[in-house]
Amino acid sequence: MDSSMLVKEKKERKYELPALEDANSKIVMRIAPGPSGPLHIGHTRVSVLNDEYVKRYGGKLILRMEDTNPEKIDPDAYRMIPEDLDWLGVRIDETYIQSDRFEIYYDHVRRLIEMGKAYICTCNGDDWRGLKEKGEACPCRELPVEVQLERYDRLLSGGYGEGEAVAVVKTDLKHPNPAVRDFVALRIVYHPHPLLGEKYCAYPMMNLSVAIDDHLMGMTHVIRGKDHLNNTNRQEYIFDYFGWKKPNYYHYGLVNIPDSVLKTSIIKQCIRDGEYSGWDDVRTGTVRALERRGIRPEAIRRYWVESGMKSVDIQFSWDNLYGMNRDIIDETSNRYFFVQDPVRYDISGAEKICGFAPLHPDRPERGTRKYTIEGSNTVFISADDSKIFADVKEIRLKDLCNIKYGTPAAYDGNDVSILKTGVRAVQWVCRGSIPATILMPDGTTLEGLAEDSVLKEKNDTVQFERVGFVRLEKVTPEKVETVFTHR
RNA sequence: GCUCCUGUAGUGUAGCGGCCAAUCAUGAAGCCCUCUCGAGGCUUCGACUCGGGUUCAAAUCCCGACGGGAGCACCA
């Protein structure tokens, strides 16, 4: 027996999404956001899952803009959503906009009415719901098809005011689950649509348009949040009435995302009020904000792949995402010194002091930052480190020299082994350093100085040693503006 | 109220009848290493919601309780 077999070996787990049923190279899947704003972290789950499967099986991914509620549309979203998906690395094969397809929905409703599977209801909404609750039909439901069609034409042509009539799909009024009994398919809206203007007044509800589009676009697999479970049940009625083959449905659990603002309406309001800087404000959970903070799309992808597709509700963990992101950016991010709330020290006892430090400690081949200070030998260290210095009287300026406390401070050689005795190494900057800011996730800003070699940095994330990773947002010789990523 | 989904460490996940004194990641604590409080190495902490049943054997199957979530919109 091989002795190595006696050692309990450590297994590396590979993370792989579960296989889809009936999957072959012709799968068709979709991402179907409502264009009310840009995508946020919550949307990235369904985006990544669909993309992963389509790439794995070699099918087709459709982006469908579900803009059937004119009151909740932000025209910019038609542009922002594809941008966000593109940044995420999600490859879209075809794009559809539902507002282009109203005639298709109308035709299908007409056919449903002709089949006796839909009706036009002119009852008061509350009454209709009340009857449904009791499992009873409203007076409109059993009217003859000819009357329904007459009403339908009137509905489409603007003969009813808002709330005066709806087209309803029949399901089963006695269904034990009240949530799947008869549902509205079309409603009257006179609010202008950003793309259609006032061309139509009959607006499809999502259960209608989604069912029809999923069929017409040839969807084989649909992944959606568990909150749509009842909608799936409703949509299946439409599939059954037309005799269509249903896609395979998967419902993942709800994600609770703490510590960040996701609700589009709130973000929009805060932008309007000038409270937030825009859709990429770091306090929000938008894809744009994550990008701005230096989160890599690969980290987001890994996060969702590892989370899988179970229907348990989960708690989103920023720590876990940061850990994955750190794996990615640690290697690519060069190291620089940033000194928060700088305190000045001059150093006596040396003509001029030289030093150098690697751009990356694990990648010496990338080269070094070189330092020369002379004259008054002025350096700055952070207010926090200054307090420590005043307290312990001796400190090492990392990669430069050791100094003893005093005014001025005294040069004390360059023996690195002093660190073994418990003396602390602190980051510092010299004269000519660049004013720098770090925008924190809570919206506050840290101020300080960054060493000027950061001006030559090509990559957009760096690590400020002992502070954390930051994304370089705006770098000029006058000012370096950064956004905090994570420690 | 009705209906549906769901319960493995702080968080996320693996396991789906015996190989489980339960996997991996992240987190926390400690040590080593490193001129960073990063990375790397090592160690430790920490979970099968509960109660019945089926079985020689249950985290795994069944039933019940309890917990978490969603829907019952002329939003998506």
Side-chain angles (χ1 to χ4, degrees), chain A residues 10-16 32-36 66-69 71-72 98 121 124-125 128-129 132-133 135 162-168 175-181 183-189 202-203 205-207 209-210 224-234 251-256 258 264 302-308 310-324 326-327 329-331 333 335-337 355 357-358 360-363 396-402 414-420 423-427 463-469 486-487:
Chain A
K10 201 170 201 170
K11 331 171 198 171
E12 270 299 295
R13 256 197 66 211
K14 62 173 191 302
Y15 290 90
E16 193 179 39
S36 57
E66 306 209 323
D67 56 346
T68 54
N69 179 1
E71 293 171 46
K72 278 195 187 165
Q98 288 192 317
C121 177
N124 170 286
W128 177 73
R129 272 187 293 273
K132 214 168 62 156
E133 194 70 31
E162 284 190 10
E164 286 178 8
V166 284
V168 178
H175 198 288
N177 184 352
V180 301
R181 296 178 194 156
F183 60 89
V184 176
L186 292 172
R187 60 173 179 149
I188 310 283
V189 181
Y203 278 78
M205 305 296 290
M206 76 141 190
N207 282 310
S209 51
V210 166
R224 46 184 10 187
K226 213 167 74 167
D227 51 327
H228 284 297
L229 227 30
N230 284 321
N231 288 321
T232 300
N233 292 333
R234 295 199 264 226
H251 298 91
Y252 61 78
L254 263 53
V255 188
N256 190 340
T264 315
R302 186 179 145 199
Y303 189 94
W304 293 126
V305 169
E306 291 194 13
S307 294
K310 298 201 306 187
S311 41
V312 243
D313 299 339
I314 61 172
Q315 193 69 27
F316 182 83
S317 162
W318 289 105
D319 274 344
N320 286 17
L321 178 67
Y322 293 159
M324 295 173 191
R326 193 179 296 114
D327 267 357
I329 66 171
D330 179 65
E331 189 187 315
S333 303
R335 271 51 174 174
Y336 295 97
F337 290 170
H360 194 297
D362 308 325
R363 301 276 163 200
R396 172 160 179 80
L397 301 174
K398 183 170 179 277
D399 304 308
L400 188 72
C401 67
N402 306 326
N414 189 22
D415 182 5
V416 181
S417 64
I418 193 172
L419 295 172
K420 305 276 185 206
V423 169
R424 312 189 38 158
V426 302
Q427 281 63 26
Q463 189 205 50
F464 281 154
E465 285 189 26
R466 248 168 93 238
V467 174
F469 293 91
H486 45 65
R487 285 203 75 85

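Below, chains carry the letters A, B, ... as their sequence lines are ordered, and counting in each starts from 1. Side chains are part of it too, since the values below use all heavy atoms of this structure and drop only hydrogens, waters and symmetry mates.
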*Base, sugar-phosphate, or nothing: which does A/Gly125 touch, judged by heavy atoms less than 4.0 Å apart?*
base

_Side chain of A/Ala179 (C-beta onward), nearest among B/C5, B/G71, B/G38_ = B/G71

*Touch check for A/Gly163, heavy atoms < 4.0 angstrom, all strands: base, sugar-phosphate only, or nothing?*
base

_Check this one for me: any side-chain N or O of A/Arg326 less than 4.0 Å away from OP1 or OP2 of B/A39?_
yes

*Among the nucleotides B/U36, B/G71, B/C74, which one has an atom lying closest to any side-chain atom of A/Pro178?*
B/G71

*Between A/Val467 and A/His251, which has a closest nucleotide on RNA chain B that is more 5'?*
A/His251

_Side chains of A/Asn414 and A/Arg396: any donor to acceptor distance under 3.5 Å?_
yes

_Taking the P atom in each of B/U6 and B/U49, what is the distance between them to the nearest angstrom?_
15 Å

*NA contact type, A/Phe469, heavy-atom cut-off 4.0 Å: base, sugar-phosphate, or nothing?*
sugar-phosphate

*The side chain of A/His228 lies closest to which of these nucleotides: B/C5, B/C24, B/A76?*
B/A76

*Return the nearest nucleotide to the side chain of A/Lys226; candidates are B/C74, B/C5, B/G12.*
B/C5

*asked:* Looking at A/Lys72 and A/Asp67, is there a salt bridge between them, counting it only when a charged N and a carboxylate O are closer than 4.0 Å?
replied: no

*A/Val312 side chain: which of B/G12, B/U6, B/C4 is closest?*
B/U6

_Under 4.0 Å, heavy atoms only, any strand: does A/Asp313 hit a base, just the sugar-phosphate, or nothing?_
base

*For A/Val166, answer base if it contacts any base atom (sugar-phosphate contacts may also be present), sugar-phosphate if it contacts only those atoms, and nothing otherwise; contact means non-hydrogen atoms under 4.0 Å.*
base

*Please check if any side-chain donor atom of A/Ser317 sits under 3.5 Å from a side-chain acceptor atom of A/Asp319, or the reverse.*
no

*Think A/Arg129 has a side-chain N or O under 4.0 angstrom from the OP1 or OP2 of B/C74?*
yes

*When we call it a touch if two heavy atoms are under 4.0 Å apart, what does A/Pro361 touch: a base, just sugar-phosphate, or nothing?*
base

*So what does A/Arg302 touch, heavy atoms closer than 4.0 Å: a base, only the sugar-phosphate, or nothing?*
sugar-phosphate

*Under 3.5 Å, is there a donor-acceptor pair between the A/Asn233 and A/Asn177 side chains?*
no

_Once you apply a heavy-atom cut-off of 4.0 Å, does A/Thr68 come out as touching a base, just sugar-phosphate, or nothing?_
sugar-phosphate

*Could you work out the separation of B/C24 and B/G68 based on their C1' atoms and round it to a whole Å?*
25 Å

*Using both distances under 3.5 Å as the test, list the Watson-Crick or G-U wobble partner of B/A70, or none.*
B/U3

_Contact under 4.0 Å: A/Ser317 side-chain N or O vs B/G27 OP1/OP2_ = no

*Look at the side-chain N and O atoms of A/Ser311 and state whether any lies under 4.0 Å from the OP1 or OP2 oxygen of B/U6.*
yes

*asked:* Counting the atoms with a prime plus P, OP1 and OP2 as sugar-phosphate, which does A/Val416 contact under 4.0 Å by heavy atoms, base, sugar-phosphate, or nothing?
replied: base

*B/U8 phosphate, OP1 or OP2, under 4.0 Å from A/Lys310 side-chain N/O*: no

*When rounded to the nearest Å, what value does the distance between P atoms of B/U60 and B/C72 take?*
34 Å

*C1' gap between B/C19 and B/A58, integer Å*: 15 Å

*asked:* Strictly by Watson-Crick or wobble contacts shorter than 3.5 Å, is anything paired with B/G18, and which nucleotide is it?
replied: B/C56

*Taking the side chain of A/Met206 as heavy atoms from C-beta outward, which of B/C4, B/U34, B/A76 is closest to it?*
B/A76

*Have a look at A/Met324 and say if it touches a base, only the backbone sugar-phosphate, or nothing, with a 4.0 Å heavy-atom cut-off.*
nothing

_Using the side-chain heavy atoms of A/Arg335, tell me which of these nucleotides is nearest: B/A76, B/G38, B/G1._
B/G38

*Please state the P separation for the pair B/A9 and B/A47 - nearest whole angstrom.*
9 Å

*Check whether the side chains of A/His360 and A/Arg335 place a donor and an acceptor atom closer than 3.5 Å, and report yes or no.*
yes

_At 4.0 Å (heavy atoms only), tell me whether A/Glu66 reaches a base, stays on the sugar-phosphate, or touches nothing._
sugar-phosphate

*Should A/Leu321 and A/Arg302 count as side-chain neighbours, where that means a heavy-atom distance under 4.5 Å?*
no

*Which nucleotide, in any strand shown, forms a Watson-Crick or G-U wobble pair with B/C45, with both distances under 3.5 Å?*
B/G27

*asked:* Taking any heavy-atom pair under 4.0 Å as a contact, classify A/Glu133: base, sugar-phosphate, or nothing.
replied: base

*Within the structure shown, what part of the strands sits under 4.0 Å from A/Asn256 by heavy-atom distance: base, sugar-phosphate, or nothing?*
nothing

*Select base, sugar-phosphate, or nothing to describe what A/Asn69 touches, counting heavy atoms under 4.0 Å on all strands.*
sugar-phosphate

